[in-house]
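The structure appears below as structure tokens.
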Amino acid sequence: MHEFETRQYVGGAFVVGDAEPLEVVNPATNATLAVITGASAALATRAAEANAEAARAMRALSVLKRVEFVRRLASGIRAQAAGLAALLTAESGKPIVESRGEVEYAASFFDNAAAAAECAAGELPASRTADRRVLVLREPIGATVAITPWNFPLAMIARKLAPALAAGCSQVVKPAEETPLTALAFARIYEQIARDTGAPMAAFSVVIGDPPTVAGALISHPATRKLSFTGSTDVGRILASQCAPRLIKTALELGGNAPFMVFADADLDRAVEQAMLSKFRFMGQTCICANRFLLAAPIADDFLVRLEARVQALATAIGDPTLESTRMGPLINDAAVAKVEAHVADAVARGARLRIGGRRAAIAGLSRRFYEPTILSHADPSMLCACEETFGPVVAAMAFNSEAEAIALANAVPYGLAGYVMTQDVDRLLRVAEALDCGVVGANDGAPSTAEAPFGGRKDSGLGKEGGTHGLDAYTDLKYVSMRVRSH
Ligand code: SIN
């Protein structure tokens with residue numbers, strides 16, 4: 001076992017947990033990476049108390065100090081990029097090339113939040129009457145809580161923490177139990193930079209433990225003013241109901257079921273390139289990965305033939321995620337593989353045709369969590385792979401005959417996170433982008449995630465936006481001061 005940080009980071013200090021132990025497993029090898037002593041409700045409450053006090057300290061910091069602090073965190077991440085990427089790969093199974101990309105993606109949220117905070121402003125609307133001025137103040141909302149997923153162990157913390165700090169808030173993070181080590185490695189960076197810059201050491205805490213226990217204690221603390229959660233729709237609903245009694249502000253980034261639409265006028269090579277990015281990034285385990293491929297009937301077969309050639313090549317790059325040449329690692333756990341298997345079996349039983357893949361990949365000396373990149377054609381909306389999020393490397397393709405049919409199919413799910421449209425007709429591109437009932441549209445773009453964009457979904461995919469200036473807004477509240485002005 002390596003020497004990882006396994007203590008909780010609470011109130012500006014590393015402390016040993018006081019509850020059940022939690023094993024962190026490398027999904028590629030099955031090896032135990034670390035055992036973390038979990039946090040009890042009492043320890044989580046201590047973190048929430050420290051968070052409340054740190055919120056007051058953050059509010060007192062000048063904007064320049066905050067911005068400097070947040071920029072230093074970006075540099076701190078970049079300075080430790082190699083170690084963070086290796087750890088991220090070890091606990092999530094993400095191919096090392098992608099983990100490096102995630103580390104840079106995480107740093108970019110700190111850059112972006114610092115820039116947004118530097119430009120943040122209140123308002124002085126035009127007065128309706130001569131004797132009144134209305135000053136609109138933008139204030140930090142205070143103590144916040146973030147619950148983050150295993151698929152982006154660093155970037156999802158960054159997406160929530162960077163704007164929180166830049167806006168003058170504090171945050172306790174509960175990372176996923178599968179990937180807590182990256183969060184703790186980042187906590188070491190945070191501790192060092194807070195010490196060096198004189199920023200509040202306790203404005204960030206990491207609490208790991210039984211999810212309902214830890215989340216319950218953090219949400220029920222009277223000082224908590226906001227919850228930001230990325231994860232499943234089911235858990236999002238439970239958390240929202242826990243936030244409801246005290247009307248805690250929520251940002252919920254939940255499940256997706258993204259349509260990837262290829263029109264007959266698309267540049268097919270480009271569409272295939274973007275499809276590979278959209279579908280197979282982290283083996284299909286991101287919330288915005290394409291789930292349903294909607295193909296214009298005249299080009300459907302041509303597109304699939306070209307895609308299949310790329311998938312065949314990809315299948316030769318499955319293996320140890322620590323290797324530079326690897327493009328596909330393991331899925332996160334056995335349940336994830338079982339879900340992919342169930343979706344493929346269900347589709348085939350209902351008449352889908354398996355073109356390539358459709359089974360686990362056996363890799364000598366590694367776990368049984370590797371799954372071949374898979375293409376199913378002749379899918380239909382009744383199949384599990386079309387109406388649920390597969391979260392794995394499976395293309396489920398179906399044909400459409402008109403733009404109206406494609407839009408109807410795309411929107412016919414309860415989710416609305418991302419959608420993709422491949423076309424060279426600019427009128428169609430805008431028409432379809434506007435018609436898609438989702439929060440993110442990739443227009444000839446299979447990888448639309450970027451720190452400056454307001455990321456978030458609609459319908460069962462959640463509410464609230466994170467990233468860019470809107471991400472900063474989400475951590476501030478407006479107050480107006482109405483002033484009577486005496487005239488001469
Ligand atoms: C997610 O899967 O939740 C985030 C996707 C991204 O930022 O690319």
Side-chain angles (χ1 to χ4, degrees), residues 77 85 88 92-95 97-113 146-163 173-176 178-179 182-183 227-236 239 250-260 274-291 329 331-332 336 339 388-393 415-420 438-443 445-468 470-471 474:
I77 288 174
L88 211 153
S92 71
K94 190 169 281 193
V97 178
E98 283 193 45
S99 292
R100 277 191 214 115
E102 177 174 344
V103 172
E104 176 50 35
Y105 184 38
S108 74
F109 282 108
F110 287 92
D111 292 338
N112 189 264
I147 300 181
T148 56
W150 51 261
N151 61 349
F152 287 88
L154 189 61
M156 291 307 104
I157 293 178
R159 186 184 261 160
K160 298 169 194 309
L161 178 67
V173 173
K174 189 205 83 59
E178 292 87 346
T179 56
T182 307
L227 169 74
S228 174
F229 168 69
T230 298
S232 73
T233 299
D234 288 348
V235 174
L239 293 171
T250 49
L252 304 171
E253 196 252 283
L254 310 176
N257 185 342
F260 190 98
Q274 299 308 312
M276 294 299 291
L277 278 176
S278 172
K279 179 69 253 185
F280 296 108
R281 192 162 62 111
F282 195 25
M283 294 74 79
Q285 299 177 113
T286 88
C287 299
I288 61 167
C289 278
N291 206 52
L331 299 190
I332 188 71
K339 182 176 188 188
E388 285 182 14
E389 189 177 29
T390 303
F391 234 56
Y415 298 98
L417 185 54
Y420 300 86
C438 60
V440 179
V441 175
D445 183 1
S449 301
T450 178
E452 70 273 23
F455 188 93
R458 296 179 178 175
K459 303 193 283 183
D460 285 5
S461 292
L463 46 93
K465 303 291 172 215
E466 299 189 318
H470 299 282

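Throughout, residue positions are numbered sequentially from 1 according to the sequence presented. As a basis for the values below, the full set of heavy atoms in this structure was taken, side chains included, without hydrogen atoms, waters or symmetry mates. Indexing begins at 1, ligand by ligand and atom by atom, following the structure's order. Model, not experiment: these values are computed from the prediction.
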Need the ligand 1 atom indices (1-based, order shown) with element for anything under 4.0 Å from a heavy-atom of [X].
| X | answer |
| --- | --- |
| Thr230 | 3 (O) |
| Glu253 | 1 (C), 3 (O) |
| Met156 | 4 (C), 7 (O) |
| Tyr105 | 6 (C), 7 (O), 8 (O) |
| Arg159 | 4 (C), 7 (O) |
| Ser449 | 6 (C), 7 (O), 8 (O) |
| Thr286 | 2 (O) |

Practice task
Identify the heavy atoms of Gly439 and Arg458 that sit nearest to each other, and give their distance.
Solution key: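 Reported closest heavy-atom pair: N-CG, 4.3 Å.
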Exercise for the section: Give the minimum heavy-atom separation between Phe282 and Gly93, together with the two atoms involved. Expected result: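 That closest heavy-atom pairing would be CE1-C, 4.1 Å.
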Practice task
Classify the contact between Gln285 and ligand 1 as side chain, backbone, both or neither, using a heavy-atom distance cut-off of under 4.0 Å.
Solution key: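 Gln285 to ligand 1: no contact under 4.0 Å from either part.
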Handout entry: Residue and atom name of the nearest protein heavy atom (relative to atom 2 (O) of ligand 1), distance in Å to one decimal
Key =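 Scanning the protein heavy atoms, the shortest distance from atom 2 (O) of ligand 1 goes to Cys287 N, 2.6 Å.
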Problem - Stepwise side chain to side chain contact (heavy atoms under 4.5 Å, CB included) check, Thr390 with Lys339 - result: CA-CA 7 Å; Thr390 303; Lys339 182 176 188 188; 5.8 Å; no
Exercise for the section: Run through Asn291, Leu331, Asn151 and flag the one making a side-chain contact (heavy atoms from CB on, under 4.5 Å) with Phe391. Expected result: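 So, applying the side-chain contact (heavy atoms from CB on, under 4.5 Å) to Phe391 and each of Asn291, Leu331, Asn151, only Asn151 qualifies.
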Problem - Side-chain heavy-atom pair Leu254, Asp460 within 4.5 angstrom cut-off - result: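 No, their side chains stay 4.5 Å or more apart.
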Exercise for the section: Take Phe229 and Thr250, measure what side chain to side chain contact (heavy atoms under 4.5 Å, CB included) needs, and give me the verdict at the end. Expected result: CA-CA 8 Å; Phe229 168 69; Thr250 49; over 6 Å; no
Exercise for the section: Please determine if Phe152 has a nitrogen or oxygen closer than 3.5 Å to a nitrogen or oxygen of ligand 1. Expected result: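 Looking only at distances, the answer is no, because the N/O contact criterion of under 3.5 Å is not met.
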Exercise for the section: Validate the cation-pi geometry between Lys160 and Phe109: distance from NZ or CZ to the six-membered ring centre under 6.0 Å, angle to the ring axis within 45°. Expected result: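 Relative to the ring axis of Phe109, which defines the angle, Lys160 lies outside at least one limit.
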